[in-house]
Amino acid sequence: MSEPKGPAERGKIVTEPEPISYNFAYLDEETKRMIRRALLKALAIPGYQVPFASREMPMPYGWGTGGVQVTAACLVPEDVLKVIDQGADDTTNAVSIRAFFARTAGVRTTTRTAEATIIQTRHRVPETPLREGQILVFQVPIPEPLRFLEPRETETRRMHALQDYGLMHVKLYEDIARHGEIATSYAYPVKVEGRYVMDPSPIPKFDNPKLSMCPAIQLFGAGREARIYALPPWTRVESLDFEDHPFTPSKADQACALCGAADSYLDEVITDDAGGRMFVCSDTDHCAGRRGEAS
Amino acid sequence: MSGAADPAAESAVLTGGFAEAGVGAARAFRVLLEAMARPGTIRRLAGAAPPAPLSPAAGAVLLTLADAATPVFLAGAHDTPAVRRWIGFHCGATMPCDPAAAAFALGTWEALLPLDRFARGTPEYPDRSATLIVELPRLLAAGARLAGPGIRREARLNLPDPAALATNAAAFPLGLDFLFCAGDAVAALPRSTRVEAA
Ligand SMILES: [Zn+2]
């Protein structure tokens, strides 16, 4: 027990700051319990969107507050966290989220897909195949794949309940009629285990096949829309298509200008003011690994 | 509640939670997440020391998931004053509750029957369904054959009544989800898992 302070000590400047106590991984325990319950129901009903009471996070909505809340509910101190934004580990968004969890959960961070136990992602699935024991957390802006066809939530709920996905097929077929192919190249809708139509988040359709029969757990968090959904490992995920127009996971017909990969998803980048351009791997860790530059 | 409580029983109410609440719940949840994602796999879920007849695994499930927002139904021999007080103190869960209103129901398989008294969700909101925490004498990777999401080829688990659980799965996307507990072991059976008797 400390001695009561005498008058001489009273005016002293206290140099030692009060330790700031965070909740583990920022969110309070009650909020994490609520998200955890939603995650378990989401795994029990693959592809179905579970409503949850989304919280304000110390970052704007566009920065993936849904993904951040899911990650916060899943993290343990032993985790190694990777965060990617359109395939890159070094964007402001990815760096901020990594720093946020390094500080509030004390977890180690990495840019290496193979080393990570939790990967939070915006708009990509890593090229390096995922394995058991890993969790991929997707940031989702609009979780409802039927929303652009039907604005009313009561109606989209009813459509999912009745598996009334005719409108979605009509829309895709109109694409074919107009463009000769299905023009949707991002957020290409999938059907999970033959039941729920699901938005895979705005990943390129090139990534869709990676969702199916994946050994890792895949979790989806939409902050503004307050929805969580999930794909357990080894779950059948099919991109919607037609017999005469089968799904094709297309990419630029080029090889990466940096590592030569012909099978990875490429971004076109402008290299100079004269309009020079080249194609490079969108997955920066994959590209660096292939070039033998991974630290 | 009785006025002259046994002091030993009173202090037992206060103990048996996770040593470090936030991190303990985080680690326990990760076990439950993996269990629900990979139906039939048997995992260690330790860290809770609830009063008998609650198993440590079932205690950890409640510490991790139950609170004032989740009514807990205690079935049969699990409905004791000591169990109620422990869950009340550590989770703040509503008890007793009507089976139809339960977010979690806890007991032996026989005590939990009939299953149709618990909520299995609605077509628009299939998530509004109960999770049953079933105490078993032991968990073994043998017996009923399991297949479906989360299972690469096939899993096996000594389920108490494969036919009843197959019926539950047949109502997908409606249905109950199960967490089977024995000592400090847990295994999950979501409604998405197809069940076939061995
Ligand atoms: Zn490359």
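Protein chains get the first letters and strands the later ones, always in sequence-line order, with residue 1 at the start of each. Heavy atoms only: backbone and side chains are in, while hydrogens, waters and symmetry mates are out.
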Of all heavy-atom pairs between [X] and [Y], which one has the smallest distance, and what is that distance?
| X | Y | result |
| --- | --- | --- |
| A:R33 | B:D67 | NE-OD2, 2.8 Å |
| B:D177 | A:K41 | OD2-NZ, 2.7 Å |
| A:I45 | B:R191 | CD1-NH1, 3.3 Å |
| B:F29 | A:C74 | CE2-SG, 4.1 Å |
| A:G133 | B:E34 | CA-OE2, 4.2 Å |
| A:A44 | B:F172 | O-CE1, 3.6 Å |

Under 4.5 Å from any heavy atom of chain B, what part of [X] do you find: side chain, backbone, both or neither?
| X | value |
| --- | --- |
| A:R195 | side chain |
| A:A42 | neither |
| A:L27 | neither |

Check whether more than 12 heavy atoms from other residues, nucleotides or ligands sit under 6.0 Å from atom [atom1] of [X], and answer yes or no.
| X | atom1 | value |
| --- | --- | --- |
| B:E154 | CD | yes |
| B:R44 | CZ | no |
| A:I142 | CD1 | no |

Check whether [X] gets within reach of chain A through its side chain, its backbone, both or neither, counting any heavy atom under 4.5 Å.
| X | value |
| --- | --- |
| B:L65 | both |
| B:F178 | neither |
| B:A66 | backbone |
| B:T70 | side chain |
| B:R152 | both |
| B:T122 | neither |

*Looking at side-chain heavy atoms only, is the closest gap between B:R153 and A:W234 below 4.5 Å?*
no
*Does A:Y48 reach the side chain of B:P126, with side-chain heavy atoms less than 4.5 Å apart?*
yes
Looking at [options], which has the largest count of heavy-atom pairs under 4.5 Å with chain B?
| options | answer |
| --- | --- |
| A:E30, A:E78, A:K32, A:M34 | A:E78 |
| A:T154, A:V192, A:D79 | A:D79 |
| A:M159, A:E132, A:R158 | A:E132 |
| A:P232, A:P233, A:A161 | A:P233 |
| A:T156, A:V76, A:L162, A:L231 | A:V76 |
| A:V50, A:I217, A:L39 | A:I217 |

*Between CG of B:L32 and CG of A:L43, what distance do you get to the nearest 0.5 Å?*
11.0 Å
*Spacing of CZ belonging to A:F24 relative to CZ belonging to B:R27, to within rounding of 0.5 Å*: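 Reported value, rounded in 0.5 Å steps: 7.5 Å.
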With chain A, which of [options] has the greatest number of heavy-atom pairs at distances under 4.5 Å?
| options | value |
| --- | --- |
| B:A21, B:S129, B:A103, B:G92 | B:S129 |
| B:R30, B:M36, B:R128 | B:R30 |
| B:P123, B:P39, B:A26, B:P190 | B:A26 |
| B:G148, B:P173, B:A69 | B:P173 |
| B:V23, B:L33, B:L189 | B:L33 |

*asked:* Assess whether a salt bridge exists between B:D127 and A:R37, defined as any Lys/Arg side-chain N lying under 4.0 Å from an Asp/Glu carboxylate O.
replied: no
